[in-house]
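These figures come from a predicted structure and were not determined experimentally. The sequence lines fix the lettering, A, B, ..., with proteins before strands; numbering per chain opens at 1.
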Number of protein chains: 4
Amino acid sequence: MTLQESTRAQLRQFIEQIERLEEEKKAIAGDIKDKFLEAKCQGFDVKAMRTIIAMRKKDSNQRQEEQSILDVYLHALGMLADTPLVEWAQEQEAAA
Amino acid sequence: MTLQESTRAQLRQFIEQIERLEEEKKAIAGDIKDKFLEAKCQGFDVKAMRTIIAMRKKDSNQRQEEQSILDVYLHALGMLADTPLVEWAQEQEAAA
Amino acid sequence: MTLQESTRAQLRQFIEQIERLEEEKKAIAGDIKDKFLEAKCQGFDVKAMRTIIAMRKKDSNQRQEEQSILDVYLHALGMLADTPLVEWAQEQEAAA
Amino acid sequence: MTLQESTRAQLRQFIEQIERLEEEKKAIAGDIKDKFLEAKCQGFDVKAMRTIIAMRKKDSNQRQEEQSILDVYLHALGMLADTPLVEWAQEQEAAA
DNA sequence: TGGCGTATCTTCTTCC
DNA sequence: GGAAGAAGATACGCCA
């Protein structure tokens with residue numbers, strides 16, 4: 001099995017584009033590292049900073065997540081309007 | 001490079017034990033799948049069930065997690081008692 | 001009413017059974033982890049062990065097929081030239 | 001007071017800069033994903049592409065070393081008998 | 001109902 | 001060694 005020349009070129013191009021993007025990503029990861037180092041050198045606690053960032057990320061994710069959960073319930077309620085799962089879901093919502 | 005016969009036997013034994021455990025794990029995964037299927041066949045919404053289970057898991061994990069976060073803050077406050085991070089952390093806690 | 005109550009009980013039972021199975025699964029995963037650790041402590045290379053297990057698991061025909069695709073791509077990129085991998089790749093292709 | 005305020009601002013700035021960099025990183029990760037998808041849609045095998053990229057990235061010396069360890073284990077388990085993999089493994093060992 | 005795309009869950013790796 | 005991210009496997013839902 002052999003690839004057409006044009007296909008080979010295309011493959012090579014994909015590979016190289018992806019490798020470039022990965023380099024960019026790596027460079028940014030380096031920038032982040034540098035930022036933490038810089039902060040550390042000015043007396044900030046890196047571990048605490050990471051915790052703060054994680055919490056802020058979680059807060060913003062949580063809104064989406066809660067919405068998703070709600071969607072699931074709404075869906076379940078819609079699909080099962082005449083089944084007993086409704087009861088239980090409503091209980092859960094009430095408890096939450 | 002060659003391994004001693006006894007070492008080869010030992011390696012083989014480890015591999016086989018692990019493979020057995022993985023089979024057991026897979027069997028249990030199958031049981032779980034069957035349970036979901038059974039529930040589905042009785043009219044329950046599988047996705048909603050998964051969400052509920054995830055929430056219950058999270059609830060129990062969250063207690064530990066919250067404790068961990070608190071520990072980090074306490075640690076950070078202790079380590080940084082004379083730095084301004086304290087202020088901000090306290091702000092964050094107040095907001096939460 | 002009675003139907004609803006019994007169905008709620010049923011749902012609860014499903015959930016609890018599944019949670020129990022997941023705990024078992026998790027316990028076995030822990031056993032596997034312990035086995036690897038034990039092997040590691042006796043000087044075995046865990047990564048190589050994982051590779052062996054994966055290879056044993058994988059269907060050999062599929063492995064060859066994946067290798068064949070890879071060979072074509074490597075060839076297209078000129079990565080096979082002048083390396084010993086060439087020999088083996090050609091053997092594989094011939095066998096396929 | 002003024003010092004504390006300025007330091008708080010500094011901390012906030014660090015956090016926001018880092019969060020911004022993390023968003024950029026995430027965006028690039030998305031671009032990479034898109035590239036793979038694009039390649040896939042044009043008929044390329046994504047898994048093989050990943051393998052090629054990993055191979056190009058990996059230091060070739062290290063690759064040989066890992067292969068040597070693996071060969072020893074495979075040999076110990078008798079998995080090399082009567083297969084063409086034997087040839088290549090022996091070549092590798094000789095070269096190492 | 002059976003492939004196909006999506007999504008979730010798990011596993012593996014990397015970094016700190 | 002533990003957490004974060006990437007990769008792979010698996011399962012669900014849709015559409016034909």
Go through the structure and list residues passing salt bridge (Lys or Arg N to Asp or Glu O under 4.0 Å) with D:Lys58, not counting sequence neighbours.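 Per chain and number, D:Lys58 pairs via salt bridge (Lys or Arg N to Asp or Glu O under 4.0 Å) with D:Glu66.
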
I want to confirm an ordering. Mapping B:Phe36 and C:Lys58 to their closest nucleotides on DNA chain F, which one lands closer to the 5' end?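 Going by which nucleotide is closer to the 5' end, it is C:Lys58.
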
Residues in side-chain hydrogen bond (donor to acceptor under 3.5 Å, both in side chains) with B:Lys26, at least two apart?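 B:Lys26 satisfies side-chain hydrogen bond (donor to acceptor under 3.5 Å, both in side chains) with no residue once adjacent residues are dropped.
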
Got a list of side-chain donor-acceptor pairs under 3.5 Å for residues 13-22 of chain B, not counting sequence neighbours?
from, atom 1, to, atom 2, distance (Å)
B:Gln17, OE1, C:Lys35, NZ, 2.9
B:Glu19, OE1, C:Arg56, NH2, 3.1
B:Glu19, OE2, C:Arg56, NE, 2.7

Quick one, give me the B/S/- string for nucleotides 6-16 of chain E, reading 5' to 3', where B means a protein heavy atom under 4.0 Å from the base and S means that only happens at the primed atoms, P, OP1 or OP2. ----SSS---S

Difference in axis direction between the ends of the helix from E:dT1-F:dA16 to E:dC16-F:dG1, five pairs, 10°: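 The angle separating the two end axes equals 0°.
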
Can you check the C:Ile18 CD1 to F:dA11 P distance for me, whole Å?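 Rounded to the whole Å, the gap is 14 Å.
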
I'd like to know whether CD of B:Glu5 has more than 12 heavy-atom contacts from other residues, nucleotides or ligands below 6.0 angstrom.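 More than 12 heavy atoms, drawn from other residues, nucleotides or ligands, come within 6.0 Å of this atom.
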
Counting neighbours of CD on A:Glu38 that are heavy atoms of other residues, nucleotides or ligands and sit closer than 6.0 Å, is the number greater than 12?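 Counting other residues, nucleotides and ligands, CD of A:Glu38 exceeds 12 neighbours.
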
Once side-chain contact (heavy atoms from CB on, under 4.5 Å) is applied, do any residues pair with B:Leu37, and if so which ones, sequence neighbours excluded?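 Here the qualifying residues are B:Cys41.
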
If we count only N and O atoms by modelled type, under 3.5 Å, do the side chains of D:Gln67 and D:Asp71 hold a donor and an acceptor together?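 On atom types as modelled, these side chains qualify, holding a pair under 3.5 Å.
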
Supply the atom-to-atom distance A:Thr7 OG1 to D:Gln42 CD, rounded to the nearest 0.5 angstrom.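 With rounding to 0.5 Å, OG1 (A:Thr7) is 9.5 Å from CD (D:Gln42).
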
